[in-house]
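Keep in mind the model is a prediction, meaning the values are calculated, not measured.
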Amino acid sequence: MSFFKKFFGKVIHDRNNDEDTIRVKGKPKPKYYGTVSPYPNFNASSDASVLQKAIESKGVDEDVIIAVLVKRSNEQRQKIKVVYEASTGERLDRALKSVLRSDLEDISLALLMSPAHFDAYLLRKATKRLGTDESVLVEVLATRTNEEILELKRVFKEEYDTELEEVIKDETSGDFTTALLAMLKANKDETDEIDMDLARRDAETLFESGENTSGVNVSAFIDILTKRSGPQLSKTFQQYARISDLTLPKALDLELKGDIEDCLTDIVKCSWNTPAFFAEKLHLAMKGYGTCEDTLIRVLVSRSEIDLKKIVEEYKAMYDLRIQEDILNDTKGHYQDVLLGLCGPH
């Protein structure tokens, strides 16, 4: 719960969404907080040729492969894949898989996937191994837009010939299953409009469903936390703090246990501050002995064109240490170069 000591320990301040938009020709447009941007003067044929030479060169030229993959947007990488296969007769991912090894291979293949294919791959991996990786399921579903979840479900069915909902039902149980299926419906409010009356009603509902009753009405928590927008939930958290001696995360900690507690707590974290949620994930991946490479790859690749710049800033604010310093201490070689490249200038 150390995360919440930083964000919920005292009276929750208003978050300002205005700073996330700029005006283009008089119309508001979201600011870009990704660290990877489309490469100027992009030429898919040229890049495909460069990659082919790097792959076929004696000893493999990893530096060239990295320079191309990290400095191209995902959309540009998809075009390179098409041209590469058309000109060589071989898929680029298979070509790279044959010459790269270990973590460098994993992150290179991740960069070649479209966002929806990468998400589908992550959820398949999280449910196929011995024991389900519940945290990955929640992380993906709680941080994707409705459109992204619908596309993820379509790709999952296409790639693995089974409905994602059926996999979730088979691999999870109880209230945790209910929460995941609720997120898979992709009907979360995505507007920035705030309804203060609704925030007060929701806060009272959450209070009555948890602290102020014997037992917990988990369905009420799931319904509210999976349907409201981030800005709306932030106001609900503020209202909750006014009617309870506890913050909502602390109440969840006391009233719930197991996967459903972790799930709803992560939804709260994402709703309040998504970049800080991911900063904490990255910190824990490199904290102590050993490094969780899967987490580093998953977060840095999936957020590189969304909000990785904000995640890097939150990391510094939360831990008084630049994420690049931890990456330098915890990783090595060309794999380290890719991670640093994704984090942007440092």
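- Using modelled atom types, one finds a donor on one side chain and an acceptor on the other under 3.5 Å when comparing Lys81 with Gln78.
- The number of heavy atoms from other shown groups lying within 6.0 Å of CD (Glu90) is above 12.
- Under the salt bridge (charged side-chain N to carboxylate O under 4.0 Å, His left out) test applied with Asp47, the options Lys79, Arg77, Arg72 reduce to a single match, Arg72.
- Considering only heavy atoms from C-beta on, Leu308 comes within 4.5 Å of Ile311 through its side chain.
- When the options Thr291, Asp106, Asp103 are evaluated for a side-chain contact (heavy atoms from CB on, under 4.5 Å) with Leu296, the one that passes is Thr291.
- Residue Asp245 qualifies as open at atom CG: its count of foreign heavy atoms under 6.0 Å is 12 or below.
- A donor-acceptor contact closer than 3.5 angstrom is absent between the side chains of Tyr315 and Glu325.
- Of the possible donor and acceptor atoms, one in the side chain of Lys153 sits under 3.5 Å from a partner among the backbone N and O of Leu184.
- Looking at Ile297 and Tyr335, their side chains come closer than 4.5 Å, going by heavy atoms from C-beta outward.
- At distances below 3.5 Å, not a single donor-acceptor pair connects side-chain atoms of Ser49 with backbone N or O atoms of Ser45.
- Leu112 and Ile306 fall into different hydrophobic clusters, where Ile, Leu, Val, Met, Phe, Trp and Tyr are joined by side-chain heavy atoms under 4.5 Å apart, directly or via other members.
- One N or O on the side chain of Ser304 and one on the backbone of Val301 form a donor-acceptor pair closer than 3.5 Å.
- Annotation for Lys257: atom NZ counts as buried by contact number, over 12 foreign heavy atoms lying within 6.0 Å.
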Output, in order, the C-alpha distance, side-chain angles, deciding distance and verdict of salt bridge (charged side-chain N to carboxylate O under 4.0 Å, His left out) for Glu166 and Lys169. CA-CA 5 Å; Glu166 294 307 312; Lys169 290 176 185 177; 3.6 Å; yes
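- Between Arg144 and Glu151 there is no salt bridge, since no side-chain nitrogen of the basic residue lies less than 4.0 Å from a carboxylate oxygen of the acidic one.
- Put simply, the side chain of Asn146 gets close to the backbone of Lys188: a donor and an acceptor are under 3.5 Å apart.
- Under the 3.5 Å distance criterion, the side-chain polar atoms of Gln336 are matched with a main-chain donor or acceptor of Thr331.
- Considering only heavy atoms from C-beta on, Ile65 stays 4.5 Å or farther from Asp61 through its side chain.
- Remark: Lys269 engages Glu280 in a salt bridge, criterion side-chain N to carboxylate O under 4.0 Å.
- Within the 4.5 Å cutoff, side-chain heavy atoms of Leu152 are placed close to those of Leu141.
- In this model, no donor atom of one side chain and acceptor atom of the other lie less than 3.5 Å apart for Gln232 and Asp189.
- In terms of modelled atom types and a separation under 3.5 Å, the side chain of Asn187 and the main chain of Lys227 share no donor-acceptor contact.
- Proximity of a side-chain donor or acceptor of Thr35 to a complementary backbone N or O of Leu342 within less than 3.5 Å is detected.
- Using a distance-only test at 3.5 Å, with no hydrogens or angles considered, a donor-acceptor pair links the side chain of Ser57 to the main chain of Ala54.
- Residues Ser244 and Glu211 bring a donor and an acceptor atom of their side chains to less than 3.5 Å of each other.
- Although no hydrogens or angles enter the test, the distance criterion places no donor-acceptor pair under 3.5 Å between the side chain of Thr226 and the main chain of Met183.
- In this structure, the side chains of Glu139 and Asp266 stay at 4.5 Å or more apart for every pair of heavy atoms.
- For Lys97, the NZ atom sits in a loose shell: 12 or fewer heavy atoms of surrounding residues, nucleotides or ligands are nearer than 6.0 Å.
- Other residues, nucleotides and ligands place no more than 12 heavy atoms under 6.0 Å from the OH atom of Tyr121.
- Using cut-offs of 30° and 60° for the angle between ring planes, the His283 and Tyr319 rings count as parallel.
- The pair Glu313-Lys310 does not count as a salt bridge, with every side-chain nitrogen at least 4.0 angstrom from each carboxylate oxygen.
- With a 6.0 Å radius and a threshold of 12 heavy atoms from other residues, nucleotides or ligands, Phe42 has its CZ atom above the threshold.
- Put simply, the side chain of Thr127 gets close to the backbone of Arg124: a donor and an acceptor are under 3.5 Å apart.
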